[in-house]
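This one's a predicted model, so the numbers in the text were calculated from it and none came from an experiment. Throughout, residue positions are numbered sequentially from 1 according to the sequence presented. Values below: all heavy atoms of this structure, side chains included; hydrogens, waters and symmetry mates excluded.
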Amino acid sequence: MVFVSKFPPVNPSNLPVHERILAACREHAAADKDAIIFIDAETTTKKRYYRDIESAVNSMATALIKLGFKPGDVAAQAFPNCSQFLIALLAVMKCGGAISNASAIFTDYELQLQFSDANATIVFTDEDRLARIRRAVALCPNVKKIICLRTFPLRSEFPENVLDFVELSQTREEPINVNVSVDSIAILPYSSGTTGRPKGCMLTHRNITTMLDIAKNHMETEVAQAMFGKEKATWNKEHTLLILPWYHAYGLNTMFETVLMGMTGLVFKKFDQIVMLNRIKFYKVKLTWLIPPMLIFLAKDMMVPIFNIHPFLKVIISAGATAGKQLCEEVKKRFPNAWLCQAYGMTEMVQFTTLPRFEYGNCFETVGSLGATYEMKILDKENKEITTTNKVGQLCFRGPTIMKGYLKKEETDIIDSDGFLKTGDLGSIDDKGIISVTGRIKELIKVNGMQVPPVEIEDVLLLHPKVKDCAVIGVPDEQRGEAPKAFIVKKDHTLTETELTDFVRQKLSSYKWVESYDFIDEIPRLPSGKIQRKVLKKMAEEQEKS
Ligand code: ATP
Ligand code: MG
């Protein structure tokens with residue numbers, strides 16, 4: 001049984017991504033010549049205006065062409081969130097190339113893997129990362145040039161053998177126009193590799209602009225209801241937090257949506273809790289896109305009530321990883337005025353394939369409805385289509401944002417012969433068409449043949465007032481095959497294992513009881529909020545050996 005979206009269809013534009021984004025910048029600049037696209041959240045003094053983006057992009061694109069960068073070529077960038085990230089991305093696209101965004105905190109080894117696999121010929125970065133980039137590039141003969149942004153405080157000399165980003169973006173030469181096909185690759189993001197090695201996802205201009213249209217439509221309909229109620233929507237007066245890293249699909253989308261709507265984005269180079277609370281208060285921020293660890297912070301941290309920000313936040317969107325029911329309820333208690341909702345998606349489909357509907361209220365356990373243009377089927381363990389609602393199986397999606405495939409992996413078995421992308425995630429759909437995601441197939445713990453999603457136990461543990469953060473994995477168990485093991489970050493140092501054992505036993509049936517606990521300082525997570533279970537499994541294995 002194939003479920004179809006009930007959102008009104010969108011007619012994707014035929015513009016390539018850069019033209020679409022630049023048109024939005026032009027439009028917002030015309031409406032208000034002082035419209036600000038980005039404010040540096042930390043300093044708030046550094047600002048970038050909508051009117052300045054296009055000339056910087058044109059200058060950079062011309063410079064790239066002069067450097068021999070051709071349609072079909074790939075450039076990589078390792079920037080933290082900053083306006084130059086957007087300028088580099090649009091300039092590369094304008095030349096007909098693809099941009100591969102890497103994390104600003106990657107090690108030289110991780111950078112090198114991505115730069116070589118993507119076959120990048122140019123790398124953008126800033127001075128703070130330059131030493132690491134040089135070490136990575138030294139092992140990538142494919143990289144011909146590094147374009148570097150100077151950072152403050154200025155060092156005495158401009159580094160050698162690199163090009164100056166600012167200079168190249170200020171040449172103001174006549175723009176060279178390249179004809180860019182909407183079916184060519186625009187972005188080449190790498191998956192984080194929590195379930196296998198990182199892979200390059202080939203996303204075309206059309207994939208991305210379709211997502212932009214779907215997301216914009218969702219903002220103007222569902223999100224607007226929560227933000228503005230019956231009042232006229234005045235998007236260009238709004239500030240929003242750009243707190244998620246843009247190199248990752250979710251963060252990138254929050255940035256694109258901010259630009260499309262003409263809002264001002266408060267750009268975070270890194271997540272800082274106090275700056276976040278402070279900026280929400282100062283700019284009366286109504287809308288935030290967050291990931292589950294940030295929800296944990298909002299639900300549990302003592303600082304949050306002190307800032308008194310609950311009157312402002314009207315929309316809290318969570319995505320990237322599972323936010324459990326109990327956690328969402330705790331957040332809602334502190335933010336009664338907010339529509340707390342979730343969206344679900346993956347890099348392989350640009351971003352969101354499910355989106356929340358305002359009329360269905362808060363999403364405590366659900367991730368919204370099938371987004372515009374998507375179809376979904378759910379497969380059981382034998383890969384047969386499930387034909388009823390409320391039954392859990394593997395979620396598979398079909399729609400215009402599904403990637404062309406993984407780079408250099410001709411046989412992409414993640415997409416089936418009918419064009420459905422098999423997500424590896426488990427979930428179900430109810431009679432109203434609301435979708436729930438219950439876990440990732442590869443993360444399920446198999447206790448006596450029964451499947452336990454770690455998230456279910458984590459959600460219970462997080463409820464404990466003395467628990468700050470937690471993660472659950474499966475460890476080998478002689479009798480039961482596997483058993484759940486929990487890693488706990490204490491909020492209160494008096495917390496004991498016995499307290500946790502009693503707590504879990506009250507709430508969960510016996511096969512889900514935690515076998516052993518380990519108290520640690522921090523849960524290893526990815527920027528998307530995902531727990532790095534591989535790292536924890538390794539820790540558990542090493543403990544076992546010693
Ligand atoms: P990985 O290497 O772990 O796949 P990634 O870099 O590919 O990470 P994404 O593409 O953002 O990162 O990850 C997509 C996955 O994130 C989904 O398959 C799903 O498991 C999870 N996910 C995203 N949004 C949600 C959500 N709202 N609820 C639960 N899980 C989610
Ligand atoms: Mg993935």
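- Considering CZ of R51 and SG of C25, their distance stands at 12.5 Å, rounded to 0.5 Å.
- V180 places a side-chain heavy atom less than 4.5 Å from the side chain of S184.
- With hydrogens and angles ignored, the 3.5 Å screen pairs no side-chain donor or acceptor of T62 with any backbone N or O of P175.
- Partner of V437 under the side chain to side chain contact (heavy atoms under 4.5 Å, CB included) criterion, out of T354, T366, L395: L395 alone.
- K404 and N207 share no donor-acceptor pair across their side chains, judged by distance under 3.5 Å alone.
- With values rounded to the nearest 0.5 angstrom, C363 atom SG is found 12.0 Å from R357 atom CZ.
- Taking the side chain as every heavy atom from C-beta outward, P356 and E222 never approach each other to under 4.5 Å.
- Summarising the geometry of I243 relative to W289, their closest heavy-atom pair is CG2-O, 3.9 Å, with the distance given to 0.1 Å.
- Remark: E173 engages K66 in a salt bridge, criterion side-chain N to carboxylate O under 4.0 Å.
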Exercise for review: Start with the C-alpha gap between R48 and I87, add the side-chain angles, then the distance that decides, and say whether side chain to side chain contact (heavy atoms under 4.5 Å, CB included) holds.
Suggested key: CA-CA 11 Å; R48 174 73 75 160; I87 291 165; 3.8 Å; yes

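- Side-chain contact between L355 and Y344 is absent, with no heavy-atom pair separated by less than 4.5 Å.
- Residue F158 qualifies as enclosed at atom CZ: its count of foreign heavy atoms under 6.0 Å is above 12.
- Here the CG-CD1 distance, from N58 to I176, works out to 10.0 Å after rounding to the nearest 0.5 Å.
- F268 has its side chain out of reach of P80: every pair of non-hydrogen atoms, C-beta onward, lies at least 4.5 Å apart.
- Here the CG atom belonging to L130 is positioned 6.0 Å from the CD1 atom belonging to I146, to the nearest 0.5 angstrom.
- Legend: residues meeting ring-ring contact (aromatic ring centres under 6.0 Å, His included) with Y250, ordered by chain and number and at least two apart, are F352.
- Here the closest non-hydrogen pair linking L111 and A136 is CB-CB, 3.8 Å.
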Pair up each side-chain donor or acceptor in residues 252-261 with any protein partner under 3.5 Å, not counting sequence neighbours, and list the distances.
from	atom 1	to	atom 2	distance (Å)
T254	OG1	G251	O	2.6
T258	OG1	T254	O	2.7

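- Checked against side chain to side chain contact (heavy atoms under 4.5 Å, CB included), K237 has the following partners two or more places apart in sequence or in another chain: T234.
- Listed by chain and number, the residues in a side chain to side chain contact (heavy atoms under 4.5 Å, CB included) with P71 are V178 (sequence neighbours excluded).
- Judged as a side chain to side chain contact (heavy atoms under 4.5 Å, CB included), and not counting sequence neighbours, the contacts of N119 are N142.
- Checked against side chain to side chain contact (heavy atoms under 4.5 Å, CB included), A30 has no partners two or more places apart in sequence or in another chain.
- Applying the side-chain hydrogen bond (donor to acceptor under 3.5 Å, both in side chains) test to every pair with at least one member in residues 95-113, sequence neighbours left out, gives these pairs: Q77-N101, S100-Q114, T107-E110, D108-R135.
- Across all their heavy atoms, L462 and K468 have their closest contact at CD2-O, 4.0 Å.
- Pairs of residues two or more places apart, or lying in two chains, that qualify as side-chain hydrogen bond (donor to acceptor under 3.5 Å, both in side chains) and include a residue from residues 35-44 are T43-T45.
- The residues R150 and D126 are annotated as not salt-bridged, no charged nitrogen and carboxylate oxygen being separated by less than 4.0 angstrom.
- No more than 12 heavy atoms of other residues, nucleotides or ligands shown are found within 6.0 angstrom of CG on N11.
- Closest approach of P159 and R134 over heavy atoms only: CB-NH2, 3.6 Å.
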Point to revise | Chi angles and distances behind the salt bridge (Lys or Arg N to Asp or Glu O under 4.0 Å) call for D117, K199 | key: CA-CA 9 Å; D117 194 72; K199 294 180 278 290; over 6 Å; no

Point to revise | Stepwise side chain to side chain contact (heavy atoms under 4.5 Å, CB included) test for M276 and L241 | key: CA-CA 8 Å; M276 170 169 105; L241 305 183; 3.8 Å; yes

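- Between V10 and K216 the shortest side-chain heavy-atom distance does not fall below 4.5 Å.
- Remark: R279 fails to qualify as a cation-pi partner of Y283 under the 6.0 Å distance and 45° angle criteria applied to the six-membered ring.
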Check your understanding: Could you go step by step and tell me if M294 and Q273 meet the side chain to side chain contact (heavy atoms under 4.5 Å, CB included) rule?
Key -> CA-CA 9 Å; M294 295 172 183; Q273 300 171 341; over 6 Å; no

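- Counting heavy atoms of neighbouring residues, nucleotides and ligands inside a 6.0 Å radius, atom CD1 of I105 does not exceed 12 of them.
- D128 and T151 share a donor-acceptor pair across their side chains, judged by distance under 3.5 Å alone.
- Proximity of V143 to T121: side-chain heavy atoms (C-beta onward) are nowhere separated by under 4.5 Å.
- Summarising the geometry, atom NZ belonging to K94 is positioned 8.5 Å from atom CD1 belonging to I65; distances are rounded to the nearest 0.5 Å.
- Listed by first then second residue, pairs satisfying ring pair (Phe, Tyr, Trp, His ring centres under 6.0 Å) with a partner in residues 216-235 read F228-W235, not counting sequence neighbours.
- In plain terms, the two heavy atoms of A249 and T347 that are nearest each other are CB-OG1, 3.8 Å.
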Just list the side-chain donor-acceptor pairs under 3.5 Å for residues 14-22, sequence neighbours left out, or say none.
from	atom 1	to	atom 2	distance (Å)
N14	OD1	R206	NH1	2.9
R20	NH1	D213	OD1	2.7
R20	NH2	D213	OD1	3.4

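- Looking at I214 and Y374, their side chains come closer than 4.5 Å, going by heavy atoms from C-beta outward.
- Counting heavy atoms from C-beta on, the side chains of M349 and T423 come closer than 4.5 Å.
- Remark: E359 CD is packed, more than 12 non-hydrogen atoms of other residues, nucleotides or ligands lying under 6.0 Å away.
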Pair up each side-chain donor or acceptor in residues 301-330 with any protein partner under 3.5 Å, not counting sequence neighbours, and list the distances.
from	atom 1	to	atom 2	distance (Å)
D301	OD1	M303	N	2.9
E330	OE2	K333	NZ	3.1

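- Expressed to the nearest 0.5 Å, how far CG of N278 lies from CG of D272 amounts to 9.5 Å.
- At a cut-off of 3.5 Å, with distance as the only test, a side-chain donor of Y406 or E348 sits close to an acceptor on the other residue.
- Residues passing the ring-ring contact (aromatic ring centres under 6.0 Å, His included) test with F79 are F165, sequence neighbours excluded.
- More than 12 heavy atoms of other shown residues, nucleotides or ligands fall within 6.0 angstrom of atom NZ in K286.
- Around NZ of K145, the count of heavy atoms belonging to other residues, nucleotides or ligands within 6.0 Å does not exceed 12.
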Exercise for review: Would you check, one step at a time, whether the test side chain to side chain contact (heavy atoms under 4.5 Å, CB included) holds for L244 with N81?
Suggested key: CA-CA 8 Å; L244 306 170; N81 293 357; 6.0 Å; no

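- The minimum heavy-atom distance between P189 and L203, with the atom names listed, is CG-CD1, 3.7 Å.
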